[in-house]
Amino acid sequence: VNYRAKLWGAKEARLACEELMRVADVVFIPVRDTIALYNLPNSCMETPDQAYAALQTLRSGRCTVMTLSDRGAVAWEGSQRCQQTIQPVP
């Protein structure tokens with residue numbers, strides 16, 4: 001998912017993406033896009049599990065990777081969760 005607010009509204013984008021997210025084996029979505037599309041509080045930037053909760057029903061346990069900007073990414077599949085930080089580039 002790569003939501004661009006200048007191209008369409010959040011509701012329209014969410015509705016268009018949801019069917020694809022329901023059937024995709026793997027979804028990559030930035031936490032900032034999850035917040036925008038699902039009208040979540042900005043505190044979800046610090047607590048990606050809260051943002052993922054908005055996608056759980058849609059994803060039915062399939063692999064979902066949420067990128068966290070300069071903090072890396074977190075992935076969920078079924079009941080498994082894996083978080084990876086990044087190494088700063090000098």
Side-chain angles (χ1 to χ4, degrees):
V1 176
N2 189 8
Y3 171 60
R4 294 291 180 243
K6 290 183 179 184
L7 297 178
W8 52 358
K11 183 178 180 180
E12 183 184 10
R14 183 183 70 245
L15 294 174
C17 290
E18 281 186 345
E19 184 57 34
L20 298 172
M21 290 197 303
R22 271 190 197 89
V23 299
D25 292 326
V26 179
V27 166
F28 286 81
I29 186 168
V31 68
R32 71 177 182 278
D33 289 357
T34 308
I35 289 168
L37 294 176
Y38 290 91
N39 197 29
L40 300 173
N42 284 334
S43 62
C44 289
M45 289 291 282
E46 302 303 319
T47 56
D49 291 307
Q50 185 181 358
Y52 174 66
L55 303 177
Q56 279 183 316
T57 302
L58 211 72
R59 296 295 299 138
S60 301
R62 287 185 308 282
C63 185
T64 305
V65 180
M66 192 171 294
T67 57
L68 308 174
S69 187
D70 63 350
R71 294 182 300 122
V74 62
W76 297 267
E77 187 167 16
S79 62
Q80 295 182 347
R81 179 187 189 277
C82 178
Q83 187 161 354
Q84 180 63 51
T85 58
I86 61 170
Q87 296 298 319
V89 176

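Numbering of residues begins at 1 and proceeds along the displayed sequence.
Closest non-hydrogen pair, L37 versus R14, comes out as O-NH1, 2.9 Å. A54 and L40 get closest at one heavy-atom pair: CB-CD1, 4.0 Å. The shortest heavy-atom contact between V27 and V1 is CG1-CG2, 4.3 Å. For the pair M66 and P30, the tightest heavy-atom approach, listed with the atom from each and the gap, is CG-C, 4.1 Å. Summarising the geometry of V74 relative to P48, their closest heavy-atom pair is CG1-CB, 4.0 Å, with the distance given to 0.1 Å. When all heavy atoms of G72 and I86 are compared, the closest pair comes out as CA-CG2, 3.5 Å.
Panel note: side chain R71, backbone Q84; no donor-acceptor pair is recorded below 3.5 Å. Panel note: side chain R81, backbone W76; no donor-acceptor pair is recorded below 3.5 Å. Counting only distance, with no hydrogens or angles, the side chain of S60 and the backbone of Q56 share no donor-acceptor pair below 3.5 Å. At distances below 3.5 Å, not a single donor-acceptor pair connects side-chain atoms of Y3 with backbone N or O atoms of A36.
Counting only heavy atoms from C-beta outward, the side chains of Q50 and P41 approach each other to under 4.5 Å.
To the nearest 0.5 Å, the span separating CZ on R32 from SG on C44 amounts to 15.0 Å. Distance OG/S69 to CE/M45: 6.0 Å, rounded to 0.5 Å. D70 contributes atom CG, which lies 11.0 Å from atom OG1 of T85 (distance to the nearest 0.5 angstrom). Atom CD1 of I29 is separated from atom OG1 of T67 by 8.5 Å, given to the nearest 0.5 angstrom. Distance CH2/W8 to CG/L15: 9.5 Å, rounded to 0.5 Å.
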Report task. Give the intermediate values and the outcome of side-chain contact (heavy atoms from CB on, under 4.5 Å) for residues I35 and N42. Result -> CA-CA 7 Å; I35 289 168; N42 284 334; 3.8 Å; yes
Query - Test log, rule side-chain contact (heavy atoms from CB on, under 4.5 Å), inputs L55 and M21 - result: CA-CA 9 Å; L55 303 177; M21 290 197 303; 4.2 Å; yes
Query raised in the report: Is there a side-chain contact (heavy atoms from CB on, under 4.5 Å) between Y38 and L58 once you walk through the steps?
Result: CA-CA 12 Å; Y38 290 91; L58 211 72; 3.5 Å; yes
